[in-house]
Amino acid sequence: MIESSLPQEPVVPQGDAQRYRFSEHIGSGGMADVYRATDTLLGRDVAIKVFRDDGEPGGDPVRREREIRLLSSFRHPGLVEVYDAGVLEHRGAPRRYVVMELVEGSSLARRLTGGPLPARQVADVGAQLADALAYVHEQGVVHRDVKPDNVLFDERPALGYTVFAKLADFGVAQFTHASRMTDSGSILGTASYISPEQARGGVVGAASDIYSLGLVLLEALTGEREYTGTPIEAAIARLSRRPRVPEDVAPQWREILEAMTEDDPGARPTAHDVSATMRDLIRGIILSRREQRRLARISRGPDHVAAHRRRVSVLVASGGICALVGGGIGLALGLHVLG
């Protein structure tokens, strides 16, 4: 949910948090509210995530502290950077907060309300998100909630891409070597994007994030969410059928999307493989556009070719005349010298 103003109870900075001037409430999640603020010491805009009180719905001190530790340890352009953390007063109670990089723009989910993305933008988003996932997987972390709402999206070009995308919200992430933080059989994640193993309540590893990313990229290409309905309906649907990749999707896209959404986690590509494939797709799109421009020049018709030949003929003839004139002058000068 996106809101345009602060809640009725204002955030009251205290201690070290007094350096931050809060301006607006920009979003809410299951565990926290996010505000736009200004770091008055450094003079830059930031995003501040204020976690809910332990007694409120969504208040979970274990998950909260785990997310803070995870975020503060990450250093990757595809992830939101953490600058600071501490405690402030909000709604009459002390709250943990995290000061993060402010990414201008909105979520990928909001962008998709306007329809599907061009294939080049989908490949750019896929490459950046796969890079980010490769990094966190190498740290032994599984995100477990990859979805359009958790992708910060900005249509301004950056890092050589046509759009800018970052993966956010590690509230339900877990270490692959750690014991489960929930009871056996429980499901953490968003029903429309969870993997089959998540739906079954089984062991969740890095391949689960790849499946979810596959559903996100499929939705970005088609503009349609693959699994809809109630959370139970959406979760059960993937156990009875594979995602449907439309027939008009290019073969290269079909191959990678079907591989990413294999029911067997062991059959899915790694995040590194997905990133490399997305870059291949980007190169293919760029080369295709160049070829289209070349063919467009050729297809302007015989009149264009004839006009081009006439211009060449004039240039050649002009050169010949100059040569003749130059030769004549040289001959005359030679005779004059000899005379």
Side-chain angles (χ1 to χ4, degrees), residues 29-31 63 66-67 70-71 74 76 78-79 108-109 125-151 165-220 225-228 231-245 255-278:
M31 296 173 60
R63 283 171 54 186
R66 182 180 56 189
E67 181 178 2
L70 282 176
L71 291 174
F74 292 154
H76 189 277
L79 303 173
L108 178 59
V125 170
Q128 292 174 81
L129 296 183
D131 269 343
L133 286 175
Y135 173 81
V136 299
H137 292 166
E138 287 172 357
Q139 312 305 308
V141 174
V142 182
H143 188 283
R144 296 202 299 176
D145 199 17
V146 178
K147 60 181 179 180
D149 283 303
N150 287 340
V151 176
K166 283 182 178 266
L167 184 62
D169 200 343
F170 281 76
V172 298
Q174 75 174 32
F175 290 97
T176 54
H177 59 269
S179 59
R180 291 180 60 89
M181 297 294 295
T182 57
D183 294 333
S184 178
S186 65
I187 297 175
L188 286 178
T190 302
S192 292
Y193 303 96
I194 60 175
S195 63
E197 56 269 30
Q198 280 177 291
R200 297 186 184 101
V203 176
V204 175
S208 180
D209 287 341
I210 299 302
Y211 185 97
S212 300
L213 179 59
L215 292 183
V216 169
L217 298 181
L218 178 60
E219 182 176 341
R225 184 177 298 183
E226 180 61 18
Y227 295 111
T228 59
I232 294 297
E233 291 170 341
I236 293 177
R238 77 211 57 235
L239 301 181
S240 59
R241 69 171 178 84
R242 293 278 305 278
R244 295 167 294 204
V245 182
E255 182 178 354
I256 185 62
L257 291 175
E258 289 182 345
M260 293 173 72
T261 54
E262 284 280 356
D263 188 70
D264 177 10
R268 299 172 202 153
T270 65
H272 281 298
D273 293 337
V274 173
S275 177
T277 301
M278 290 296 125

Determine whether a donor-acceptor pair (N or O, by modelled atom type, separation under 3.5 Å) exists between the side chain of [X] and the backbone of [Y].
| X | Y | result |
| --- | --- | --- |
| E226 | R244 | yes |
| R144 | Q198 | no |
| S192 | T228 | no |
| S208 | G205 | no |

For [X] and [Y], which heavy atoms make the closest approach, and how far apart are they?
| X | Y | value |
| --- | --- | --- |
| L215 | P243 | CD2-CG, 3.8 Å |
| S195 | S212 | N-OG, 4.3 Å |
| R238 | Y211 | CB-OH, 3.7 Å |
| L79 | V136 | CD1-CG1, 3.7 Å |
| K166 | H76 | NZ-O, 4.4 Å |
| L133 | H143 | CD2-CB, 4.4 Å |

How long is the straight-line distance from [atom2] of [Y] back to [atom1] of [X], given to the nearest 0.5 Å?
| X | Y | atom1 | atom2 | answer |
| --- | --- | --- | --- | --- |
| L239 | D263 | CG | CG | 7.5 Å |
| D169 | T190 | CG | OG1 | 8.5 Å |
| D273 | I210 | CG | CD1 | 8.5 Å |
| L167 | Y135 | CG | OH | 12.5 Å |
| L217 | L108 | CG | CG | 9.0 Å |

Side-chain H-bond candidate by donor/acceptor type, Y193 with E219, under 3.5 Å: yes
Does [X] reach the side chain of [Y], with side-chain heavy atoms less than 4.5 Å apart?
| X | Y | result |
| --- | --- | --- |
| P269 | I256 | yes |
| E67 | L70 | no |
| K147 | R225 | no |
| T261 | R242 | yes |

Partner of M260 under side chain to side chain contact (heavy atoms under 4.5 Å, CB included), chosen from L218, V216, D209, L213: L213
So does E255 have more than 12 non-hydrogen atoms from other groups sitting under 6.0 Å from CD? no
